[in-house]
Amino acid sequence: MTEQEKELIIRAQNGNIAAFEQLIYNYDKKVLALALKYVKNEDDARDIYQDAFIRVFRGLKKFQFKSEFSTWLYRIVTNVCITYKSRIKKREFVAITTDEEQEEEGMKTGFDIPDGNATPERVVTNSEISEHINNALELLSPRQKMIFILKHYEGYKLREIAEILKCGEGTIKKYLFDAVRKLRSELEELYYA
Amino acid sequence: MNHIKYKKLIDEYFFGEIDSQEKIVLEEHLKVCELCRYQFNSVKMLKESLLKESLPEPDENILKEARNELRMNLRSVRLKKSFWEVIREKITSSFFITPQLAAAAFSFLIIGLVSGYLIFHSSNMVQFENQRPQDFNRQAMLSGDTKISNIRFINKNAEAGTVEFSFDAVKPVHIKGKIDDPQVQNILMYSMLNEDNPGTRLNTINFINSSSESRQDNDIKNAILSVVKYDNNQGVRQEAMKLLGKFKFDDEIKKALLFVLQNDSSSGMRIEAMNRLVEANKTGNLFDEEDLQIFRQKMQQDNNNYIRYQAKNVLKENI
């Protein structure tokens, strides 16, 4: 954390909105992009942006410089994303199977290999792939999806994700690799259908 | 053969979390194991597919609008919070005086006494100034009407006679300039979005209204759109809506008007938005299916007769 950032945090902790804005403008584009990747809808992404930064503003006084500001910020943002998605799911009544059931399903299908083929042969279009990836991402639990996005699209290390989500690296690995199995299973269906 | 071990290595390879030793082990194994080679190719295929898939990125306008909306929200949060803070501080100061707080208060008292002494005894200023950090312009701060507030102690132990603290120094600035001057407009725009006093926000909108240059400025337009949509004072929203009428109708304005039509609790604002949309429609601006859906909803559900009637007319014209 730079001295300038530390100073901005202290001023923002005193309720200085201009300092708070200056502080978060270093991160807010990435936050909006992450939210958009997560919910794939501009209105929802903007809701997440507002909710997350209001929480950051309210909670900033409790920030004690024990971690990087960015880690603390992303912890709030990822929590808002994960709970936001859950809220929508609950409202729409779309979740028929539980996350555990979905995970079990993924584990079963992840290693069903067609006989004799070492590489996929069917030619598929980009839009088909895109649709399948989107569908597959929606099959992941909110936490799995967030971990996958942070790792694959945002390029965070497992250690950093563990720090953001405040859990062990092993847990993150498990979530991530289960997510990969599910995605692979979905795409195998596409290539071998 | 332990395929589970290699399955884990393949996953780690996929996410760039494999070390060089493990990579060699995996590569050797892939040469001899068709099953794991298949797994590897399958993961590789997934990785390539995901790389082709670009997830959406927000554009600058969305970011600007989100920032403006946040500014409004922060203002209301700050207003709400200040009340609780006052209560909390009063309770805290009455019942819980910790040693740290006492030390901070004592340091504060000392700073106050020293500052007061220096302000009223200018002959001693040089001596104090020599002990200050080089980058602190004390004279500039103490001259004029500068107000110091929010003093916050970072180092409350005050070891070795030093103390570290931050504060806000507010100095009133008097500006006289052309209404079309970009610097003046930036300040007006900030005031329109941030001022706590609705009367000041209203005045700012009127000043912006009298500038012809501002009608070509995209930032000002975005700020006005935010005020129209999110300002918590109806009078301010109405004035902003009038000002918006002077901008050339475009897709952003259409979206903002539809937002007002859908969300504003004031029927006056909704009627004004509806009139603008009807007018734009007459001059050749068309509505897409998503827009028409909003009109359908308004025709059925709005509690204002005029809005229901106009929504019906729009639908007739566009279907």
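Please read all numbers here as calculations on a predicted model, not as lab measurements. Chain A is the first sequence line, chain B the second, and so forth, proteins listed ahead of strands; every chain is numbered from 1. All heavy atoms count here, side chains included; hydrogens, waters and symmetry mates do not.
- A cation-pi arrangement, defined by a distance under 6.0 Å to the six-membered ring centre and an angle within 45 degrees of its axis, is absent between B:Lys8 and A:Phe177.
- Looking only at atom types and distance, the side chain of B:Glu65 has no donor-acceptor partner in the side chain of B:Asn222 under 3.5 Å away.
- Both the backbone and the side chain of A:Gln50 come within less than 4.5 Å of a heavy atom of chain B.
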Fill in: Verdict with reasoning, A:Lys174 to A:Asp178, per salt bridge (Lys or Arg N to Asp or Glu O under 4.0 Å)
CA-CA 6 Å; A:Lys174 190 187 175 310; A:Asp178 285 350; 2.8 Å; yes
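- The part of A:Phe20 that comes within reach of chain B is its side chain, from C-beta onward, which places non-hydrogen atoms under 4.5 angstrom from that chain.
- Only the side chain of A:Lys173 has a heavy atom closer than 4.5 Å to any heavy atom of chain B.
- Of the two parts of B:Phe40, neither the backbone nor the side chain holds a non-hydrogen atom closer than 4.5 Å to a non-hydrogen atom of chain A.
- No other option in A:Lys151, A:Glu42, A:Lys29 has as many heavy-atom pairs under 4.5 Å with chain B as A:Lys151.
- In this structure, a donor-acceptor pair under 3.5 Å is absent between the side chains of A:Gln144 and A:Tyr175.
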Discussion item. Is there a ring-ring contact (aromatic ring centres under 6.0 Å, His included) between B:Phe259 and B:Tyr230? Walk through the geometry before answering.
Written reply: CA-CA 10 Å; B:Phe259 180 92; B:Tyr230 306 115; 5.5 Å; yes
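- Ring pair A:Tyr84/A:Tyr38: centre-to-centre distance not below 6.0 Å.
- For a residue to count as touching a neighbouring chain, one of its non-hydrogen atoms must lie under 4.5 Å from one of that chain's; by this rule A:Ile24 touches chain B with the side chain only.
- Within the 4.5 angstrom heavy-atom criterion, only side-chain atoms of B:Glu60, from C-beta onward, approach chain A.
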